[in-house]
Structure formats: structure tokens, C-alpha cells
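For reference, the structure is listed below as C-alpha cells.
Numbered from 1 within each chain, the chains take letters A, B, ... in sequence-line order. All values below come from the heavy atoms of this structure, side chains included, with hydrogens, waters and symmetry mates left out.
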Protein chains: 2
Amino acid sequence: MRISTRGRYGLRAIIDLANNEYRGAIPLREISQRQNISEQYLEQLFASLRKSGLVKSIRGAHGGYLLNDSPEKITVKDILTALEGPIAPADCVLSEDILEKCNNGGNCVTRKVWIMIKENLEELLDSVTLAELKAESQNWGDYDQLISYSSDMNNKGVK
Amino acid sequence: MRISTRGRYGLRAIIDLANNEYRGAIPLREISQRQNISEQYLEQLFASLRKSGLVKSIRGAHGGYLLNDSPEKITVKDILTALEGPIAPADCVLSEDILEKCNNGGNCVTRKVWIMIKENLEELLDSVTLAELKAESQNWGDYDQLISYSSDMNNKGVK
DNA sequence: GCAAAGTTGATAAAAATACTCGGGATTAAG
DNA sequence: CTTAATCCCGAGTATTTTTATCAACTTTGC
Ligand code: FES
Ligand code: FES
């Protein structure tokens with residue numbers, strides 16, 4: 001029951017983007033420095049975010065990333081799903097195929113538990129928007145850099 | 001956001017135990033056959049369950065495992081926590097130490113999300129008891145064997 | 001005593017995760 | 001037109017976690 005670094009770093013990164021995009025497209029280099037995540041890893045994460053339609057990119061010099069939608073419309077579920085794939089405590093909650101192989105007609109006991117977890121989590125994560133996280137992080141003043149430098153554990157840092 | 005085989009197999013196994021312990025101590029060999037999980041892997045899982053106080057063991061010939069408490073008092077949270085460790089989407093929700101290093105005074109934005117997830121999940125899982133799962137599985141008649149043989153995906157089976 | 005169990009610790013194999021690297025394409029600015 | 005900043009993409013590698021398996025040992029009922 002753990003969120004991988006993709007989700008953890010990625011959420012931090014997109015909050016950083018939300019906090020800064022008023023200045024125009026934000027290059028990953030900036031986010032990398034503020035959040036102390038390697039630029040190369042960020043590229044991977046933003047590729048996923050872009051493919052899911054959460055951010056858009058502007059190429060070339062002075063390019064960077066922008067949110068593709070207003071922060072009010074982007075939820076934590078959108079973000080984590082883009083980065084980590086669908087929320088599925090077990091594979092069988094995703095595919096009908098597997099379901100048929102598994103449970104004589106919908107009656108696998110444990111499956112109900114996994115589905116409960118999935119639905120509960122989806123509802124919860126869908127109820128938190130990027131706008132809210134942005135607002136919260138701004139309430140704390142301009143400590144962005146300080147906070148983020150130490151804000152995750154197994155962070156190898158930028159070379 | 002995934003539950004490992006420890007949790008998935010383990011939950012199935014303890015439901016199986018709950019369904020059968022009326023006959024006395026159940027040896028792992030039995031559960032192994034019904035659930036198609038290797039006896040040796042089950043040993044590991046039941047070691048965790050025993051150390052967490054959810055089951056008790058009887059050694060020697062005619063030995064086996066019994067629930068250590070009534071199924072009404074054992075929750076899915078107890079079981080999954082015993083098997084997979086504490087529910088913690090990120091490490092920092094567990095230790096105050098890490099917290100201090102991380103967020104100047106309780107203000108790390110993402111941390112709030114991880115804590116929400118943790119608390120939500122704990123509440124949900126704590127609301128489902130083993131007794132309920134047992135009851136459900138019995139409602140479906142005596143299909144235990146059929147169900148369980150195909151009831152999990154990456155199951156290598158018993159040699 | 002012997003066979004059926006649980007107990008323990010080590011270890012090996014497989015999979016997933018967490019990155020890194022290098023080269024290419026695009027574009028603003030000078 | 002050239003250069004530097006930037007995104008883009010596909011591989012490749014290193015590390016960690018997961019998923020088991022094995023062997024030796026202890027306990028106990030018969
Ligand atoms: S407190 Fe855990 S990421 Fe900041
Ligand atoms: S349907 Fe997934 S374990 Fe049975």
C-alpha cells in the first residue's frame with residue numbers, strides 16, 4: 001500500500017508547476033532545482049502527465065510546461081493515475097476477463113474487498129483538487145524552496 | 001497502490017481458516033491444498049499472522065492453526081497490516097523524525113494527502129471483519145475449492 | 001520412536017522501481 | 001543562420017522489493 005516515487009515526486013512537481021505557471025511556461029530545470037529531483041527523471045514523469053492531458057508543453061528555447069486545465073479541474077486522482085496507472089489493489093478489479101476466470105459468477109470474497117478499496121480511494125482522491133493543494137502551499141508563504149529541498153525521503157538529489 | 005501476494009494470499013488463507021477451524025486446529029497442508037498456495041509460503045504468512053496475534057499455533061502431530069480471537073474482532077486492517085506492514089503511502093506518515101526533517105513545522109503539502117489516504121484506508125479496512133467475509137463466503141455454498149483454485153492471478157500453484 | 005506438524009534463517013530467482021544516458025527535434029534570440 | 005535552451009524518445013542499468021524455496025530443527029500425539 002505504497003505510493004512510488006513516481007507518484008510522490010510527480011505530485012510535488014505538478015504542485016510546483018501550479019504555483020509558478022503564472023509566469024509562463026516553466027522549464028523542468030527550474031522544477032528540478034526547486035524540488036531537488038533530477039531533470040531526467042522529471043522528463044519521464046512529465047511525459048506521463050502530458051500523455052494524460054494534465055499538462056501541455058512548449059518546445060524550444062523559453063519553452064517549458066503549463067497546466068492544460070485549470071487547477072480546479074485537476075484532481076489528485078488524475079495526477080496519481082497518470083503517474084502510477086490505475087488504482088487497483090489487485091489486477092482482477094480491472095479486467096472482466098480475469099473476473100470470469102476467477103469467481104463463479106461474481107462471488108470471490110476477497111475481490112469485494114479490493115473493489116471496496118479501489119472505489120473508496122478513487123472517491124477520496126477525486127475530491128482533492130490541485131487548486132486546493134496550491135492554495136495550501138501558498139498559505140505558508142514563500143518557503144517553497146526550503147520545504148521542497150527536504151520534502152521527500154529517498155531522494156537522491158541532483159548531481 | 002497495490003496489495004502484494006502476501007496480503008492477497010494471506011487474506012484468502014485466513015478466510016479459509018475461519019471457515020474450517022470449527023473442526024479444530026487446521027494444518028497448513030490443508031489450506032495449501034484448498035487454496036493452491038505452497039505450504040512453504042503459507043508458513044511465512046502464518047508466521048506473520050501469529051506474531052501479530054491473529055492466529056495461534058498448535059505444534060506437533062495433529063497440530064495446526066486456530067484463530068486467536070473471534071472473527072468478529074479481527075478486521076481486514078489487522079490482517080493486511082500483519083502481512084504487509086503498516087498502511088503508509090509514504091514513509092513520512094509513520095515517523096515523527098522524518099516529519100521534522102521534512103516540513104518546517106507541519107506544512108508539507110503532499111504529506112496531507114498521504115495522511116488522508118492512510119486514515120481513510122484504515123477506517124475503511126477496520127470496518128470489515130473476518131466474520132463478515134466468512135459469512136459471505138459461506139453463503140455461496142460449498143464452492144470453496146472451485147473458487148479458490150482460480151481465485152488469484154499470479155498464483156504459481158503447488159508443485 | 002516416529003511421523004506430523006510448526007519454527008527459523010538463509011538464500012535464490014523474478015519482477016518492479018528508480019533512475020541514467022545519449023541523441024534528436026524544435027524554437028526563441030541574437 | 002547559429003546557438004543555446006528546451007522538450008522528446010527509446011534504451012539501458014542499478015537497486016530494491018517481492019516472491020518464493022530449502023534445509024535443518026523443535027515440538028508433540030500416538
Ligand atoms: S512530510 Fe513527507 S513528503 Fe513532506
Ligand atoms: S476475483 Fe480477484 S481474487 Fe477473485
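- Projected onto DNA chain D by closest heavy-atom contact, A/Lys51 and A/His62 fall at different nucleotides, the more 5' of which corresponds to A/His62.
- Residue-level contact check: A/Ile26 touches the backbone only, with heavy atoms under 4.0 Å from sugar-phosphate atoms and none from bases.
- One can place CZ of B/Arg8 at 14 Å from C1' of D/dA20, the figure rounded to the nearest angstrom.
- Nearest nucleotide to the A/Gln44 side chain, out of C/dA28, C/dT20, C/dA10: C/dT20.
- Take A/Ser70 and apply the side chain to side chain donor-acceptor pair (under 3.5 Å) test, not counting sequence neighbours, and it matches A/Glu72.
- Here B/Lys56 does not pair with B/Glu21 in a salt bridge; the nearest charged N to carboxylate O distance is not below 4.0 Å.
- Counting only heavy atoms from C-beta on, B/Leu28 has its side chain closest to C/dG6 among D/dA5, C/dG6, D/dC7.
- Applying the 4.0 Å criterion to OP1 and OP2 of D/dC7, one finds that A/Arg50 has every side-chain N and O outside that range.
- Residue order along DNA chain C, read from the 5' end via each residue's closest nucleotide, puts B/Gly64 first among B/Gly64 and A/Gly7.
- Rounded to whole Å, atom P of C/dG6 lies 9 Å from atom CZ of B/Phe46.
- Considering only the side chain of A/Thr5, C/dC19 comes nearest among C/dC19, C/dA28, C/dT7.
- Regarding contacts with the backbone of C/dC21, every side-chain N or O of A/Tyr41 stays at 4.0 angstrom or more from both OP1 and OP2.
- Protein atom CG of A/Leu49 is 14 Å distant from nucleotide atom C1' of D/dC7, rounded to whole Å.
- Side-chain polar atoms of B/Asp78 and B/Ser52 form no donor-acceptor pair below 3.5 angstrom.
- If you check C/dG6, D/dT6, C/dA18 against the side chain of A/Arg29, the one that comes closest is D/dT6.
- Residue A/Gly63 is in sugar-phosphate contact alone, with no base atom involved, counting any heavy-atom pair closer than 4.0 Å across all strands shown.
- We find that CD of A/Glu43 is positioned 13 Å from P of D/dG10, with the value rounded to whole Å.
- Nucleotide D/dC7 holds its P atom 10 Å from the CZ atom of A/Arg59, rounded to whole Å.
- Nucleotide C/dT17 holds its P atom 14 Å from the OH atom of A/Tyr9, rounded to whole Å.
- Rounded to whole angstrom, the span from the CD atom of B/Gln33 across to the C1' atom of C/dA4 amounts to 14 Å.
- The aromatic rings of B/Tyr65 and B/Phe46 sit tilted relative to each other, their planes meeting at an angle between 30° and 60°.
- Ionic pairing of B/Arg2 and A/Asp91 is present here: one or more N-O contacts between side-chain nitrogen and carboxylate oxygen are shorter than 4.0 angstrom.
- Note: CD (A/Gln40) to P (D/dC8) measures 15 Å, nearest angstrom.
- Listed pair A/Ser57 / D/dC8 meets the phosphate criterion, a side-chain N or O lying under 4.0 Å from OP1 or OP2.
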